[in-house]
Number of protein chains: 2
Amino acid sequence: MPKDRAPTRIQKKNRAAIIEAALNVFSAHGFRGATVDQIAAEAGLSKPNLLYYFPSKEAIHTALLSGLLDVWLAPLHDLDETGDPLQEILSYVHRKLQMSRELPRESRLFANELVQGAPRIHQALSNDLRVLVDEKSEILTQWMDQGKIARLHPHHLIFSIWALTQHYADFDVQVRAILGDEDPFEGAEPFIDTLYRKLLTP
Amino acid sequence: MPKDRAPTRIQKKNRAAIIEAALNVFSAHGFRGATVDQIAAEAGLSKPNLLYYFPSKEAIHTALLSGLLDVWLAPLHDLDETGDPLQEILSYVHRKLQMSRELPRESRLFANELVQGAPRIHQALSNDLRVLVDEKSEILTQWMDQGKIARLHPHHLIFSIWALTQHYADFDVQVRAILGDEDPFEGAEPFIDTLYRKLLTP
DNA sequence: TCTTGATTTGACCATCTGGTCAAACTCACG
DNA sequence: CGTGAGTTTGACCAGATGGTCAAATCAAGA
């Protein structure tokens, strides 16, 4: 494996190519369904060469997930206590839907992991994620106390946003099978916007 | 393989045990992640014995999925044109949530398949499911035309019900990691009920 | 250019996995 | 009971898969 000095030009390029390839393969087939050969081929490397950069399949998966977790949680992280409640929430919803549209592989990567019991990221869920959600739920509760938005269970409000937005990335095949040629997000955007405006009006 | 006469007592028992075991294993690990040995062990059979009842892993999966599809779609199928619009929809939502609570393995089985592009049930999606959804969307549209419920994109309304209810089964680990000891459905039920009452009010 | 560390690879290995098969065993029924 | 169909299994196979290794090749600074 490469020494842990400053990464060389080649190391940067190949590590990036591997992570990109791994995202493709893991998101499409899940951890178990992905093969190292597949990832290597997609990254344009031989299998031993790939394993020169990452010690194992598991290590690639871990690196990929932990690298993405921040990106994935950024929109919720940005929910601003001092902003306008309805606008803040609608903006969060909007960003999440945008991510389903633009980063569907990332969404499916997490979906794959979660639906199988999250054996490799259970840690992060019970710690980082839980803390973040509790923190933001606190803000939501304050807004409700102040009568700025309707009173609802804050955790379930957040779950609903995840469910409604990620559905379009995770179950893309199903959505498209039903909508046919229609662009899913064309209709999803106003639908979800209306939903939260109605729901959150006190 | 057993002849296709009337199934014997033993055939009935073992086929049922295999399907039950397959549901456990496939829903927890996905098609690729499940092994025939695992299913056989769970069913209390040896691998060759299992393969005496089903010709292949694929065949078990297919039998399982097609056997469940009807159960899975029954609630939507039962949406009744002649009933009270709001009550009909709320009742559908309620049944779907109930299914997430009582049949989480079934939900995850489909989720696993869908999130990986539904390679084995694409057929059913584009045919049966699409027809059913189009048919029920027609009813929803009529209700909207009659001013009985708010005007919304009917397909996305249905998607939202799937997303909100199945989320609790499919991403159970995540939900529980955040809620801690709290029963997810305790809070989900009133939340989702409120959501659809507000959303559907014209 | 030369040297040294970084990079790449062909060959290989152990294990897992889906599936086969012939032989053995069990059961229901005449 | 005896017998033939139904059921079960140990042994086995071929291919896939994660991972290793020594040898070969390459790249960049002295």
Side-chain angles (χ1 to χ4, degrees), chain A residues 1-65 112-113 116 119-120, chain B residues 1-65 112-113 116 119-120:
Chain A
M1 62 209 97
K3 298 289 160 61
D4 54 1
R5 301 176 185 168
T8 67
R9 175 180 55 87
I10 294 176
Q11 276 172 38
K12 272 187 197 163
K13 190 193 61 172
N14 283 345
R15 279 180 190 278
I18 291 168
I19 289 292
E20 170 70 14
L23 176 56
N24 278 331
V25 178
F26 281 132
S27 70
H29 305 288
F31 181 78
R32 194 71 161 37
T35 75
V36 175
D37 271 305
Q38 232 178 322
I39 299 172
E42 190 110 357
L45 300 173
S46 65
K47 182 169 60 167
N49 197 180
L50 182 153
L51 289 167
Y52 168 73
Y53 289 100
F54 288 89
S56 69
K57 181 183 174 180
E58 181 97 32
I60 304 172
H61 194 253
T62 302
L64 179 59
L65 279 175
N112 256 304
E113 186 65 11
Q116 290 177 18
R120 281 165 288 272
Chain B
M1 64 209 95
K3 299 290 161 59
D4 55 1
R5 302 176 187 170
T8 67
R9 175 181 57 87
I10 295 177
Q11 277 173 37
K12 270 187 197 164
K13 192 193 63 173
N14 283 343
R15 279 180 191 276
I18 292 168
I19 290 292
E20 171 70 14
L23 176 57
N24 279 332
V25 178
F26 282 133
S27 69
H29 305 288
F31 181 78
R32 196 70 164 37
T35 75
V36 175
D37 271 307
Q38 234 178 321
I39 299 171
E42 190 112 354
L45 299 174
S46 66
K47 182 169 59 168
N49 198 179
L50 183 152
L51 290 167
Y52 168 72
Y53 290 100
F54 289 88
S56 69
K57 181 182 175 182
E58 183 99 30
I60 304 172
H61 194 254
T62 302
L64 179 59
L65 279 175
N112 256 304
E113 186 66 12
Q116 289 177 19
R120 281 165 289 274

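In what follows, every chain begins at residue 1, and chains take the letters A, B, ... in the order their sequences are listed.
Legend: residues meeting side chain to side chain contact (heavy atoms under 4.5 Å, CB included) with A:Ser56, ordered by chain and number and at least two apart, are A:Glu58, A:Ala59. Scored by the side chain to side chain contact (heavy atoms under 4.5 Å, CB included) test, B:Ala63 finds B:Ile19, B:Phe54 as partners (sequence neighbours excluded). Listed by chain and number, the residues in a salt bridge (Lys or Arg N to Asp or Glu O under 4.0 Å) with A:Lys57 amount to none (sequence neighbours excluded).
B:Ser46 has no side-chain polar atom (N or O) that falls below the 4.0 Å cut-off from OP1 or OP2 of D:dT8. A:Asn14 has a side-chain polar atom (N or O) that falls below the 4.0 Å cut-off from OP1 or OP2 of C:dT8. Applying the 4.0 Å criterion to OP1 and OP2 of D:dT8, one finds that B:Tyr52 has every side-chain N and O outside that range. In terms of phosphate contacts, B:Thr8 brings a side-chain nitrogen or oxygen within less than 4.0 Å of OP1 or OP2 of D:dT7. A sub-4.0 Å separation between OP1 or OP2 of D:dT9 and a side-chain N or O of B:Asn49 is present.
Atom P of nucleotide D:dA28 and atom CD of A:Gln11 are separated by 12 Å, given to the nearest angstrom. If you measure from atom CZ of B:Arg15 to atom C1' of D:dT7, you get 13 Å, rounded to the nearest angstrom. Atom-to-atom, NZ of A:Lys12 to C1' of C:dT7 comes out at 17 Å; the value is rounded to the nearest Å.
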Counting only pairs under 3.5 Å, give me each side-chain donor-acceptor contact of residues 24-35 of chain A, with atom names and distances, residues two or more places apart or in other chains.
from, atom 1, to, atom 2, distance (Å)
A:Asn24, OD1, A:Arg105, NH1, 2.7
A:Asn24, ND2, A:Glu42, OE2, 3.1
A:Ser27, OG, A:Leu23, O, 2.7
A:Ser27, OG, A:Asn24, O, 3.2
A:His29, NE2, A:Gln38, NE2, 3.3
A:Arg32, NH1, B:Arg32, O, 3.3
A:Thr35, OG1, A:Gln38, N, 3.0

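Distances from the side chain of A:Tyr53 to the nucleotides D:dT8, D:dG6, C:dT7 place C:dT7 closest.
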Determine, for nucleotides 22-30 of chain C in 5'-to-3' order, which nucleotides have protein heavy atoms under 4.0 Å from the base (write B), from only the sugar-phosphate (write S), or from neither (write -).
-----SS--

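Taking CD from B:Glu113 and CG from B:Leu65, the interatomic distance works out to 5.5 Å, rounded to the nearest 0.5 Å. Note that CG of B:Asn49 is 6.5 Å distant from CG of B:Asn14, once rounded to the nearest 0.5 Å.
Across B:Ala17 and B:Ala43, no two heavy atoms sit closer than the pair O-CB, 3.7 Å. When all heavy atoms are compared, the tightest approach of B:Ile18 to B:Ile39 is O-CG2, 4.1 Å.
Put simply, the side chain of B:Asn112 reaches to within 4.5 Å of the side chain of A:Gln116, judged on heavy atoms.
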Please write out each protein N/O paired with an N/O of nucleotides 14-20 of chain D under 3.5 Å, distance rounded to 0.1 Å.
from, atom 1, to, atom 2, distance (Å)
D:dT17, OP1, B:Arg32, NH2, 2.4
D:dG18, OP1, A:Ala34, O, 3.3
D:dG18, OP1, A:Lys57, NZ, 2.9
D:dG18, OP2, A:Val36, N, 2.8
D:dG18, N7, A:Lys47, NZ, 2.9
D:dG19, OP2, A:Lys57, N, 2.8
D:dG19, N7, A:Lys47, NZ, 3.3
D:dG19, O6, A:Lys47, NZ, 3.2

